[in-house]
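Note that these values count all heavy atoms, side chains included, but never hydrogens, waters or copies made by symmetry. Order of appearance sets the numbers: ligands from 1, and atoms from 1 within every ligand.
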Amino acid sequence: MQDQLYNQDDYYQKVKETFEFLKASVPFSPEIIITLGTGLSGLAEACEKAWVIPYEKIPNFPKSTVETHTGELIFGKISGKRVALFRGRFHYYEGYSAKILTFPLRVLTLFKPEIYLVSNAAGGLNLSFKSGDLMLIKDHINLIPDNPLRGTNFEEWGPRFPDMSRAYDEELRERFKKVAASLGEEVKEGVYVAVPGPSLETPAETRFLRLIGADAVGMSTVPEVIVAVHAGLRVCGISVIANVNDPDNFQPILFEEVVKASQKAEKRLTTLVVEFLKTL
Ligand code: HPA
């Protein structure tokens, strides 16, 4: 499928085809699209599910290769809002191009939702962060050597050169912070840098990422956010800081620990998102 989807016209057709399939099957058009990151699928439990489908049953969807991601698309209601939830996502390190790994999101943008809410597990670079912290993403740096918009642009999907000066919606961020404060939760704010992975960073790379202005590092999210901004959605991104990487006292980063740490934060994040959605 990867090769097929590199063919630009074919990509357009496949997006349309998959959209038509979903349109004919799902109970409603979603207002909000949500992607749940590693260890963060708890929100799916808070969702009044109306329709669930495994990715492999959706025509043209890529296949997930990461065991920690189940891979299903859920349509349902959370806090009374019509949402589509991606439980499990695709990553560049799995071998997908940015265009292919954002295929599912591109399809859902054709429903004309208003908001994209995305979560991930990330490594903290800002040394005031600690494991379990939640960080609202205020900006990003893309170090994944790919862009989902590379190639033919389809004007009906968005502009050739989308502005990224306000990729992460400020009003949504302020709203989220208010909700967090009302629940006695502190949320940090910072810059997320996306690296290709799958190997984790060396101490020297970590020093570099701090120097260029990043507060957290991960291997996802940025390709999706580019597509969401291109499609005119308001984006809200949240990183769960699973580990903190100090270049001068570097500790091994064990992926199992990353998953465990984000699972520990899952309940808090779920509560916050449920309350946040109520205010929209
Ligand atoms: N680096 C990159 N990706 C990650 C990390 C990290 O330290 N933690 C969780 N995802």
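- Nearest-residue assignment for atom 8 (N) of ligand 1 (options Leu125, Asn243, Val244, Leu200; heavy-atom criterion): Asn243.
- Scanning the protein heavy atoms around atom 4 (C) of ligand 1, the nearest turns out to be Val217 O, 3.6 Å.
- If you take NE2 on His230 and CH2 on Trp157, they are separated by 9.0 Å, rounding to the nearest 0.5 Å.
- Using a 4.0 Å cutoff on heavy atoms, Ala242 does not count as a contact of ligand 1.
- Side chain of Asn120 to backbone of Ser220: no donor-acceptor contact under 3.5 angstrom is found.
- Scanning the protein for heavy atoms near atom 5 (C) of ligand 1, the closest one is Gly123 N, 3.4 Å.
- Proximity of Asn245 to ligand 1, defined as any heavy-atom pair under 4.0 Å, is confined to the side chain (atoms from C-beta onward).
- Of all protein heavy atoms, the one lying nearest to atom 10 (N) of ligand 1 is Ala121 O, 3.4 Å.
- Under the 30°/60° scheme for interplanar angles, the aromatic rings of Phe90 and Tyr55 are found to be tilted.
- Of the protein's heavy atoms, Glu201 OE1, 2.7 Å lies nearest to atom 1 (N) of ligand 1.
- No N or O atom of Met219 sits closer than 3.5 Å to an N or O atom of ligand 1.
- Taking each heavy atom of Lys188 and Asp133 in turn, the nearest pair found is CE-OD2, 3.3 Å.
- Close approach of ligand 1 to Ile253 is summarised as follows: ligand atoms under 4.0 Å from at least one heavy atom of the residue are 7 (O).
- With 3.5 Å as the limit, one finds a donor-acceptor pair spanning the side chains of Thr18 and Asn60.
- With Phe75 as the aromatic partner, Lys49 does not meet the cation-pi criteria of under 6.0 angstrom to the ring centre and within 45 degrees of the ring axis.
- No side-chain donor from either of Thr35 and Arg89 sits under 3.5 Å from a side-chain acceptor of the other.
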